[in-house]
Protein chains: 2
Amino acid sequence: MDKTHGRATLHDVARKAGVSIASVSRMVNGQTVRPSLEGRIQDAIEKLNYQANSAGRALRARRTEQICLSVPDISNPVYQSITKGVQLGLEGTNYRMMLAPQVSSAEDVLRQINSLNSNYADGLILLSLVDDTRIKKAVEKLDIPIVTIGNVDINRETDSLKVAPNALDIAVEYLNRKYGSRILFVNGPKETIPGKIRGAGFERAIKNLGIEKTCKSVESKTFSVEGAVEALTSLANLNSYKSVMCANDVIAAGALRYFSSNKIRVPEDVAVMGIDNTDLATILSPSLTTIDYNAIERGKLAAKFLVDRIQNPSAPVKRIEVQPRLVERDSA
Amino acid sequence: MDKTHGRATLHDVARKAGVSIASVSRMVNGQTVRPSLEGRIQDAIEKLNYQANSAGRALRARRTEQICLSVPDISNPVYQSITKGVQLGLEGTNYRMMLAPQVSSAEDVLRQINSLNSNYADGLILLSLVDDTRIKKAVEKLDIPIVTIGNVDINRETDSLKVAPNALDIAVEYLNRKYGSRILFVNGPKETIPGKIRGAGFERAIKNLGIEKTCKSVESKTFSVEGAVEALTSLANLNSYKSVMCANDVIAAGALRYFSSNKIRVPEDVAVMGIDNTDLATILSPSLTTIDYNAIERGKLAAKFLVDRIQNPSAPVKRIEVQPRLVERDSA
DNA sequence: AGCAGAACTGTAAACGTTTACAGTTCTGAG
DNA sequence: CTCAGAACTGTAAACGTTTACAGTTCTGCT
């Protein structure tokens with residue numbers, strides 16, 4: 001049966017089946033094996049409960065069957081959806097997922113990234129991160145395939161998944177049509193990448209519609225409920241706006257909170273709209289009208305792209321732009 | 001500089017520094033090295049940008065410096081908090097985290113568990129999972145350390161983190177004192193482990209207070225907003241209850257949704273209370289009064305316990321019971 | 001200076017795979 | 001039946017580490 005110490009190895013299986021380790025290895029890896037041996041090997045594998053040792057395999061074959069997902073912050077529901085998507089995309093492959101959140105200091109993130117060079121992962125899925133030159137440099141130098149999600153501007157050709165930049169056009173057009181041109185935009189911090197992009201998107205959208213005069217932007221210090229509440233509280237003429245466009249669903253939750261505690265009805269008195277279509281959108285009351293970026297699908301695709309790229313490094317680079325989609329619910 | 005192909009190895013560093021690979025290895029692993037060599041080795045490591053290869057190390061040293069976290073469902077905010085906690089607990093160690101969600105069929109989970117036997121992880125953090133005998137058996141047989149969180153009943157001595165069973169006593173006592181003895185309990189599905197435990201907890205609590213007559217339990221088909229709304233909708237005399245105790249924060253979100261769309265004020269007309277104190281509690285309006293189970297801390301502790309256990313397999317088993325804590329906010 | 005013992009270093013053997021390569025068996029056409 | 005070539009098998013050499021073990025240098029005491 002089992003060896004006295006530890007798990008069965010190829011050698012054990014080979015001995016038991018009376019064949020060479022090469023044959024067992026080939027059998028395990030799905031190559032053709034003489035039918036007369038097949039049965040014996042299969043038997044031995046089952047009797048000994050053989051499972052290939054990952055380290056041995058990784059060392060020799062130079063592939064770990066692991067990929068790493070680096071997300072800015074797992075508390076944000078949109079990253080949770082992406083994580084879930086990646087998991088789904090990995091199903092049916094034999095790749096496992098490491099989760100490397102950028103929770104900590106730039107130094108820690110840097111160390112994380114650099115440690116990828118120790119070959120514990122065959123590829124990296126990277127989400128937009130803090131704008132740190134050292135980190136960017138480190139990422140660019142990594143010698144494993146990368147797939148980027150969102151507007152990650154590193155100087156390296158990677159498969160990427162972006163969202164088409166017209167999300168705010170869709171949103172603003174909708175609010176303008178339904179609630180008129182008094183639209184307030186509550187952005188997240190401008191020093192973040194989404195903050196920049198979504199801010200610019202709003203400006204562009206109102207300019208296109210020629211309603212700059214009647215609209216306004218305010219900035220929440222963080223992408224959080226409290227930040228949004230604070231930003232709205234400090235606003236003088238809030239009640240003159242008919243709709244509030246929020247830079248993401250969490251900020252929209254903050255807006256709902258602010259209005260609910262001030263007895264202002266949504267959407268009767270003021271409409272509220274989010275971006276991301278996270279789980280939050282259906283949990284909140286009223287449920288959130290929002291722009292879907294299809295996070296799960298993006299995660300799934302990213303995983304698939306990465307596995308493809310690992311298996312075929314020289315394939316042409318894929319760049320996908322997913323189309324944002326309006327999801328009407330009760331808040332606007 | 002670099003070798004022509006791939007990354008620098010111990011050999012490369014050793015050759016460049018004019019020492020043996022053993023010395024370099026020892027240096028890398030923090031053992032004492034003659035001061036005269038130290039400088040040269042350090043230099044060579046930096047010049048070649050040497051990073052130890054994980055596979056080689058794992059193969060020889062029989063440790064991967066990876067642990068696996070198996071969670072029932074990453075969409076549930078409480079598991080997100082635990083995940084975050086585990087990440088925090090791992091900070092400062094050199095362990096990485098694999099995330100293995102039990103999203104899929106029992107077969108898939110079983111395969112996941114079994115694949116842990118291929119030694120890609122040094123330990124497992126296991127959260128309460130579906131009650132499948134095969135899976136339990138597989139887990140019990142795993143030859144790596146396990147830390148369990150919650151009421152996982154496997155037949156094996158493990159370090160564990162449970163929540164003291166008096167959470168519902170605290171909650172019911174609070175609601176009874178503040179809103180009277182007409183309390184409705186909205187449980188999750190009884191076939192889940194939390195469903196069973198929390199249901200029993202509620203029954204025990206109202207019995208202790210002698211208010212069984214005026215209270216009632218209903219069951220939501222799933223731990224979701226929609227499930228809760230449905231359960232409440234189908235209830236005849238809902239308006240006779242002064243407070244609604246929910247089996248978790250997501251169900252509480254459903255209750256808030258139901259009441260808000262029926263123009264019933266919370267907490268003026270009816271109080272609502274959740275369990276878990278997830279991020280949701282502060283995102284919802286009104287913010288949720290809930291029972292804190294300290295998910296982040298439990299995750300952190302679980303990670304620390306696991307790393308300790310890996311480093312010292314024969315230490316006495318640790319069983320921690322965390323104390324639930326009432327968090328008063330606006331909903332009750 | 002001599003010497004015992006401490007402190008370090010280098011050699012070489014693993015760890016469990018995959019995979020060139022050479023050797024063997026099988027297949028089917030002549 | 002023979003034999004060329006296809007199809008498979010086994011041997012042995014990696015992959016990059018860690019670590020016993022034996023050999024070397026250092027330290028401090030006599």
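No hydrogens, no waters, no symmetry mates; every other heavy atom, side chains included, goes into these values. The model shown is predicted, which means the values in this text are computed figures rather than measured ones.
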D/dT17 base / B/R57 side chain donor-acceptor hit below 3.5 Å: no
Minimum heavy-atom distance B/V139-B/R156, with the two atoms named: O-NH1, 3.4 Å
Annotated protein contacts, base or backbone, on nucleotides 4-10 of chain C with a non-hydrogen cut-off under 4.0 Å, one of B, S, - each: ----SBB
B/L59 CG to D/dC15 P, straight-line distance once rounded to whole Å: 14 Å
Residue pair A/S23 / A/V33: nearest heavy atoms and the distance that separates them: O-CG2, 4.1 Å
Which residue lies more 5' along DNA chain D, comparing A/A61 with B/Q31 via nearest heavy atoms: A/A61
A/E140 (side chain) donor-acceptor with A/N155 (main chain) under 3.5 angstrom: yes
Nucleotide C/dT17, atom P - distance to CG of A/L10 in whole Å: 4 Å
Inter-axis angle, terminal five-pair segments of the helix from C/dA1-D/dT30 to C/dG30-D/dC1 [nearest 10°]: 30°
Whole-Å gap separating P (D/dG16) and CG (A/N117): 14 Å
Length of the CG-P vector between A/N53 and D/dT17, whole Å: 17 Å
Short side-chain N/O contact to C/dT18 OP1/OP2 from A/N29, under 4.0 Å: yes
Side-chain N or O of A/R62 closer than 4.0 Å to phosphate OP1/OP2 of D/dG16: yes
Sugar-phosphate, base or nothing in reach of A/A55, heavy atoms under 4.0 Å: nothing
Heavy-atom donor-acceptor pair, B/D122 side chain to B/T64 backbone, under 3.5 Å: yes
Backbone N/O of B/S160 and side chain of B/T158: donor-acceptor pair under 3.5 Å: no
Euclidean distance, atom CZ of residue B/R63 to atom P of D/dT19 [Å, nearest integer]: 6 Å
Whole angstrom value for the distance that separates P of D/dC15 from CG of A/N119: 14 Å
Note: B/E38-B/R40 ion pair, threshold 4.0 Å (strictly below): no
A/Y120 OH - D/dT17 P separation (whole Å): 16 Å
Expected output: side-chain A/Q31 to main-chain A/S25 donor-acceptor under 3.5 Å: no
Nearest non-hydrogen partners of B/Y79 and B/V71, listed with the distance: CB-CB, 4.4 Å
Pi-cation contact, B/Y120 with A/R96 (under 6.0 Å, within 45°): yes
Spacing of A/R60 atom CZ relative to D/dT17 atom C1', expressed in whole Å: 16 Å
